[in-house]
Amino acid sequence: MSEADCVTCGAAVALPEDAEVGEIVDCGGCGTELEVVGVDPAELAEAPDLAEDWGE
Amino acid sequence: MSEADCVTCGAAVALPEDAEVGEIVDCGGCGTELEVVGVDPAELAEAPDLAEDWGE
Amino acid sequence: MSESNAAVGPDQPPLIVKIGGARAVDPAGVIEDVAHVVAAGREVVVVHGGSTAVDDTLEAMGKEPEYVTTPSGVSGRFTDEETMGVFSMVLPGKLNTELVTDLRAAGVNAVGLSGVDGGLVTGPRKSAVRVLEDGKKKIRRGDHAGKPEAVNAGLLSSLLSDGYVPTVSPPMLADDGTAVNADADRVAALLAAELGGELVLLTDVEGVYADPEDPDTLIDAASTPAEFAAVEDAAEGFMSRKVHAAEEALSGGATGVVISDAGLRKPLLAALDGHGTWID
Amino acid sequence: MSESNAAVGPDQPPLIVKIGGARAVDPAGVIEDVAHVVAAGREVVVVHGGSTAVDDTLEAMGKEPEYVTTPSGVSGRFTDEETMGVFSMVLPGKLNTELVTDLRAAGVNAVGLSGVDGGLVTGPRKSAVRVLEDGKKKIRRGDHAGKPEAVNAGLLSSLLSDGYVPTVSPPMLADDGTAVNADADRVAALLAAELGGELVLLTDVEGVYADPEDPDTLIDAASTPAEFAAVEDAAEGFMSRKVHAAEEALSGGATGVVISDAGLRKPLLAALDGHGTWID
Ligand SMILES: [Zn+2]
Ligand SMILES: [Zn+2]
């Protein structure tokens with residue numbers, strides 16, 4: 001299990017075993033939604049806030 | 001080998017062994033171009049005069 | 001709510017008709033109806049989709065159509081670059097050409113346009129989408145989809161005043177300059193709003209049912225906020241999108257919307273005559 | 001024969017540019033050139049084909065493209081109903097949408113149209129064709145092909161005067177009401193004739209060679225009947241069709257035709273500046 005720092009609060013965030021690029025994980029420290037942008041090494045970025053639209 | 005009458009002059013026109021629908025045969029009597037429209041029984045029609053066009 | 005023959009006069013607002021796209025649906029009835037309405041002097045815009053035909057063509061080319069579900073449960077096509085090419089083949093290519101040919105054969109002076117032509121339909125690109133896959137929330141990027149927000153009204157009105165029937169299909173032109181997938185109901189709603197027109201959404205059911213399981217519960221009309229809220233509550237799945245489209249059309253300036261059955265013998269005239277669910 | 005910068009002024013006749021259809025040909029150069037000419041105030045119509053892309057798509061769908069040879073040795077596509085569907089997918093669908101998107105991204109106000117739209121290009125259907133197969137003369141029926149003979153000039157000039165760049169592809173609308181395959185060079189020639197315009201046929205060679213084996217024998221210009229006869233004699237295969245198209249354009253009212261190389265860095269400006277074979 002790898003981990004990476006939250007880009008907002010700096011807390012260490014543990015990635016699930018089978019984490020995939022694109023997956024969204026929540027920071028346990030500040031609650032920020034983080035996008036897994038790399039798995040080896042683990043890297044996180046703030047997940048874009050995408051308004052969900054009915055005509056998707 | 002089957003034969004059919006020329007639609008123009010009435011002469012008997014012999015069809016090749018392997019005649020196919022759509023094939024064009026010439027009447028030996030009057031020279032009319034005849035289209036094979038049936039093979040069993042053999043049937044002939046005047047072949048349409050299709051101008052050949054460069055942009056075909 | 002019946003409009004009877006007044007619905008086809010030249011003093012009526014432009015009529016925007018959204019139909020399915022595939023010839024398999026047999027649009028002969030609606031084509032005759034369009035010819036009738038146009039002959040009576042009313043301006044008409046036809047909009048079509050054709051998503052199932054896109055799937056058929058993808059499969060014929062050995063590619064599996066991909067649908068994703070958002071975290072809140074909305075399902076939709078994920079349009080990668082290759083799918084976008086097939087989308088253009090099927091909608092503005094095969095289906096639009098067939099529909100324009102059929103309309104012209106019925107005496108309708110149709111001109112086919114995609115939302116890309118002349119920048120007819122533009123809006124923001126949505127290239128990333130949140131999806132739920134195997135219980136995981138993910139960001140999927142590379143979606144060729146967009147939200148129709150603006151219309152080249154000059155192109156549309158110029159064609160209408162010259163006597164043409166614009167026959168419109170997705171894709172639209174996104175703000176990043178790419179051609180992208182857009183919901184055809186929503187495109188039709190936007191055009192109806194822009195033209196201050198009446199929108200007829202033809203579909204494969206009679207209209208909106210209070211109880212989708214019970215055909216006796218068809219909602220005839222919704223003219224008050226409370227009635228509209230009841231329609232919104234009742235609409236499920238694909239029907240909820242049509243109701244959303246109706247809402248966008250009306251809030252943008254459309255004079256009325258009807259959701260009605262494409263399978264009736266004269267489906268467009270029937271809708272104009274009061275069949276289906278009227279919202280205004 | 002050089003026209004230099006005068007070629008792009010607003011006082012020039014409309015310019016009709018025929019290009020290949022597939023993005024693979026990289027039309028970026030010609031797109032920039034079209035943007036340049038349009039910005040200088042000249043009216044431009046773009047016409048494209050895309051036959052090789054039709055073959056690629058047929059093959060991707062598991063269908064073999066069919067070509068037939070006429071008794072006099074002219075080779076051409078036989079377009080059965082299924083092929084016609086794929087033709088519409090590829091030309092007005094994928095390729096036209098891509099080209100309009102690319103033109104718009106370059107600042108050109110392009111509107112894509114097939115010959116079916118608004119009855120833009122009409123003429124007789126040629127459903128039967130004489131072919132030579134295994135040494136036998138045969139009649140093949142069911143060909144979806146036509147001869148472009150008439151243009152909806154009103155639609156074209158209305159779009160041009162509104163500042164659009166019509167971007168046109170086959171099919172055309174046949175007199176029996178069907179959408180059919182038509183030679184894109186010939187469509188371009190007909191539009192040039194109708195508009196009294198200048199026709200640029202961009203191709204994959206420098207122009208017409210007196211001896212196709214010898215690149216030093218490029219014919220620069222043909223202005224007299226004798227010079228034109230020399231061009232006709234020299235042109236072989238696909239080039240003879242371009243020369244026929246040039247002839248139809250000129251006899252119909254086009255002001256001039258140039259056959260030039262699409263592979264040059266600025267292929268359209270180069271053609272307007274005197275490259276290729278000029279016929280007038
Ligand atoms: Zn945090
Ligand atoms: Zn005879």
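Note that the structure is predicted; figures quoted are calculated from it, not measured. Letters A, B, ... are given to chains in the order of the sequence lines, protein chains preceding strands, and every chain is numbered from 1.
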Exercise for the section: Could you grab the distance from atom OG1 of Thr57(D) to atom CE of Met61(C), nearest 0.5 Å is fine? Expected result: 5.0 Å

Practice task
Please look at Leu155(C) and chain D and tell me whether the side chain, the backbone, both or neither of the residue comes under 4.5 angstrom of a heavy atom of that chain.
Solution key: both

Exercise for the section: Identify which of Ser158(D), Pro92(D), Ala105(D) forms the greatest number of heavy-atom pairs closer than 4.5 Å to chain C. Expected result: Pro92(D)

Exercise for the section: Let me know if Ala110(C) has heavy atoms under 4.5 Å from chain D in its side chain, its backbone, both or neither. Expected result: backbone

Handout entry: Contact origin within Asp176(C) toward chain D - heavy atom pairs under 4.5 Å
Key = neither

Practice task
With a 4.5 angstrom heavy-atom cut-off, could you sort out which part of Thr167(D) is near chain C: side chain, backbone, both or neither?
Solution key: neither

Practice task
Determine the minimum heavy-atom distance between Asn109(D) and Gly118(C), stating which atoms define it.
Solution key: OD1-CA, 4.0 Å

Exercise for the section: Give, as side chain, backbone, both or neither, the part of Ser169(C) having an atom under 4.5 angstrom from any heavy atom of chain D. Expected result: neither

Completion exercise
Comparing Gly154(D), Gly62(D), Ser88(D), Ala179(D) against chain C, the one with the most heavy-atom pairs below 4.5 Å turns out to be Ser88(D)

Completion exercise
Closest heavy-atom pair, Asp117(C) versus Gly112(D), reported as atoms and distance to 0.1 Å, is OD1-N, 2.7 Å

Completion exercise
On a heavy-atom basis, the closest approach of Thr101(C) and Gly177(D) is CG2-O, 3.1 Å

Problem - Minimum heavy-atom distance Val116(D)-Arg104(C), with the two atoms named - result: O-CD, 3.3 Å

Practice task
Check each atom of Leu91(C) against the heavy atoms of chain D and say whether the ones under 4.5 Å are side chain, backbone, both or neither.
Solution key: neither

Problem - Side chain / backbone / both / neither for Leu120(D) at chain C, heavy atoms under 4.5 Å - result: neither

Problem - Crowding at NZ, Lys63(D) (>12 non-hydrogen neighbours, <6.0 Å) - result: yes

